[in-house]
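Worksheet: one structure, shown below.
FYI, the numbering just counts along the sequence from 1.
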Amino acid sequence: MPFDHNDHYHRLLLRQVPRNCGAALDVGCGTGRFARRLADLGIEVDAVDPSAEAVAEAHALSESAGGAKSPRFRQADVTDVELAKGHYDFISCLASIHHMSFDVVAALRDALAPGGVLVILGCYPEKSRLDWAWSLAAVPVNAVARLAVAAVDMNRSAASAGRGRVRAPVMPPTMPLHDIRREAAVLLPGCSIRRLLFWRYLLVFRTGA
Ligand SMILES: C[S@@+](CC[C@H](N)C(=O)[O-])C[C@H]1O[C@@H](n2cnc3c(N)ncnc32)[C@H](O)[C@@H]1O
């Protein structure tokens, strides 16, 4: 696996999982790497993605990983799914929200249980000088990280080399970060948004307990 900007932030995202989290939803799960990490914590995980190929790979990888619990993967567009209100303790969207209209966050907000947490690892296009400055800072760090991960990969066994060939669909983000901040302030009042180094932002929204 080459260095992956989304996977790089898994640990940061897992730190946002509330205590006693029982039910989680991963939106745009792709091949399910983050959903499996949640399931490995003993959480009941629903994971949705409209890509048949990605969901088939998610199922296959979960079977071969053989963790204690497997996420419930479902091939679906989350905007077509009727999410149970107040149900999830944790909802995550990793690099997927820009594939949808941002206002889908209202449905995700309503699906949170009291004390629940919504995290969005989001992508944004470079529009402002500040965006470009962050990108410039990320380039050398990214290069070093890629080299380091490639070196580790070279030492992996040939048996594992065939795994993970399916890639989840990607598309470039179009919504500028300042628009994301503005819409989030209305739909997710009190949320925090901060820039992360590798062309990402982290949005965290918590409901009252
Ligand atoms: C860049 S991939 C990220 C995959 C995964 N979250 C990860 O971190 O590797 C974006 C994913 O969002 C999914 N997606 C696009 N539109 C969606 C929708 N309406 N509902 C749910 N997922 C969607 C795509 O199929 C794709 O798998």
Next on the checklist: Please determine whether residues Val170 and Ile97 belong to a single hydrophobic cluster, defined as Ile, Leu, Val, Met, Phe, Trp and Tyr linked transitively by side-chain heavy-atom distances below 4.5 Å.
Outcome noted: no

Checklist entry - Between Asn6 and His10, what is the shortest heavy-atom contact and its length? => result O-CD2, 3.4 Å

Checklist entry - Among the clusters formed by ILVMFWY side chains lying less than 4.5 Å apart, do Val45 and Leu121 turn up in the same one? => result yes

Next on the checklist: Please check: side-chain N/O of Arg181 versus main-chain N/O of Ile193, any donor-acceptor pairing under 3.5 Å?
Outcome noted: yes

Checklist entry - Below 4.5 Å, heavy atoms only, C-beta onward: do Arg200 and Trp134 meet side chain to side chain? => result no

Next on the checklist: Quick check: is Leu25 connected to Val104 through a chain of hydrophobic side chains (ILVMFWY, heavy atoms under 4.5 Å apart)?
Outcome noted: yes

Item to check | Whether over 12 other heavy atoms sit under 6.0 Å from Glu126 CD | outcome: yes

Checklist entry - Are the side chains of Met175 and His98 in touch, meaning some heavy atoms are under 4.5 Å apart? => result no

Checklist entry - Is the backbone N or O of Gly42 less than 3.5 Å from a side-chain atom of Lys69, with the two atoms forming a donor-acceptor pair by type? => result yes

Checklist outcome for this item: Closest non-hydrogen contact found for Phe73 with Gly32 is CE2-CA, 3.7 Å

Next on the checklist: A side-chain contact here means heavy atoms from C-beta on lying under 4.5 Å apart; do Leu203 and Val105 qualify?
Outcome noted: no

Item to check | Flag, side chain of Ser51 to backbone of Ala168, donor-acceptor distance under 3.5 Å | outcome: no

Checklist entry - Mind checking whether Leu14 and Phe34 have side chains closer than 4.5 Å, heavy atoms only? => result yes

Item to check | Over 12 foreign heavy atoms within 6.0 Å of CG, Asn20 | outcome: no

Checklist outcome for this item: So the ring pair (Phe, Tyr, Trp, His ring centres under 6.0 Å) pairs with at least one residue in residues 189-209 (sequence neighbours excluded) are Phe3-Phe198, His5-Phe198, His5-Trp199, His8-Phe198

Item to check | Close side-chain approach of Phe90 and Gln16, heavy atoms under 4.5 Å | outcome: yes

Checklist entry - Should Leu38 and Ser92 count as side-chain neighbours, where that means a heavy-atom distance under 4.5 Å? => result yes

Item to check | Stepwise side-chain contact (heavy atoms from CB on, under 4.5 Å) check, Leu41 with Cys21 | outcome: CA-CA 9 Å; Leu41 298 176; Cys21 177; over 6 Å; no

Checklist entry - Is there side-chain contact between Ser128 and Pro176, with heavy atoms separated by less than 4.5 Å? => result no

Item to check | Shortest non-hydrogen contact from Ile91 toward Ala111 | outcome: CD1-CB, 3.9 Å

Checklist entry - Atom OH of Tyr88 and atom CD1 of Ile43: how far apart are they, to the nearest 0.5 Å? => result 12.5 Å

Checklist entry - What's the verdict on side chain to side chain donor-acceptor pair (under 3.5 Å) for Asp103 and Ser101, showing C-alpha distance, side-chain angles and the deciding distance? => result CA-CA 5 Å; Asp103 57 15; Ser101 168; 2.8 Å; yes

Checklist entry - How far apart are the C-alpha atoms of Leu202 and Leu13, what are their side-chain angles, what is the distance that settles it, and do they pass the side-chain contact (heavy atoms from CB on, under 4.5 Å) test? => result CA-CA 9 Å; Leu202 173 65; Leu13 298 169; 3.5 Å; yes

Next on the checklist: How close do Ala35 and Ala47 get, counting heavy atoms only, and between which atoms?
Outcome noted: CB-CB, 3.9 Å

Next on the checklist: Between Asp179 and Arg182 (salt bridge meaning N to carboxylate O under 4.0 Å), is one present in this structure?
Outcome noted: yes

Next on the checklist: Looking at Glu57 and Arg167, is any side-chain nitrogen of the basic one under 4.0 Å from a carboxylate oxygen of the acidic one?
Outcome noted: no

Checklist entry - Do Asp4 and Arg33 touch side chain to side chain, with heavy atoms closer than 4.5 Å? => result yes

Item to check | For the student: nearest non-hydrogen atoms of Pro18 and Asp89, plus distance | outcome: CG-O, 3.3 Å

Next on the checklist: Would Arg195 and Asp131 count as a side-chain contact (heavy atoms from CB on, under 4.5 Å) here? Give the steps.
Outcome noted: CA-CA 9 Å; Arg195 285 180 196 262; Asp131 297 339; 2.8 Å; yes

Item to check | ILVMFWY cluster, Val186 and Ile120 together (side-chain gap under 4.5 Å) | outcome: no

Checklist entry - Are a donor atom and an acceptor atom from the side chains of Thr79 and Asp77 found within less than 3.5 Å of each other? => result yes

Item to check | Heavy-atom pair of closest approach, residues Ala76 and Val81 | outcome: CB-CG2, 3.7 Å

Next on the checklist: Hydrophobic clustering (ILVMFWY, side-chain heavy atoms < 4.5 Å, transitive) - are Tyr124 and Trp132 grouped together?
Outcome noted: no

Checklist entry - What do the steps show when you test Thr207 against Arg109 for side chain to side chain donor-acceptor pair (under 3.5 Å), and what is the final call? => result CA-CA 8 Å; Thr207 58; Arg109 175 200 65 206; over 6 Å; no

Next on the checklist: Is there a side-chain contact (heavy atoms from CB on, under 4.5 Å) between Tyr9 and Leu197? Walk through the geometry before answering.
Outcome noted: CA-CA 10 Å; Tyr9 290 115; Leu197 185 59; 3.9 Å; yes

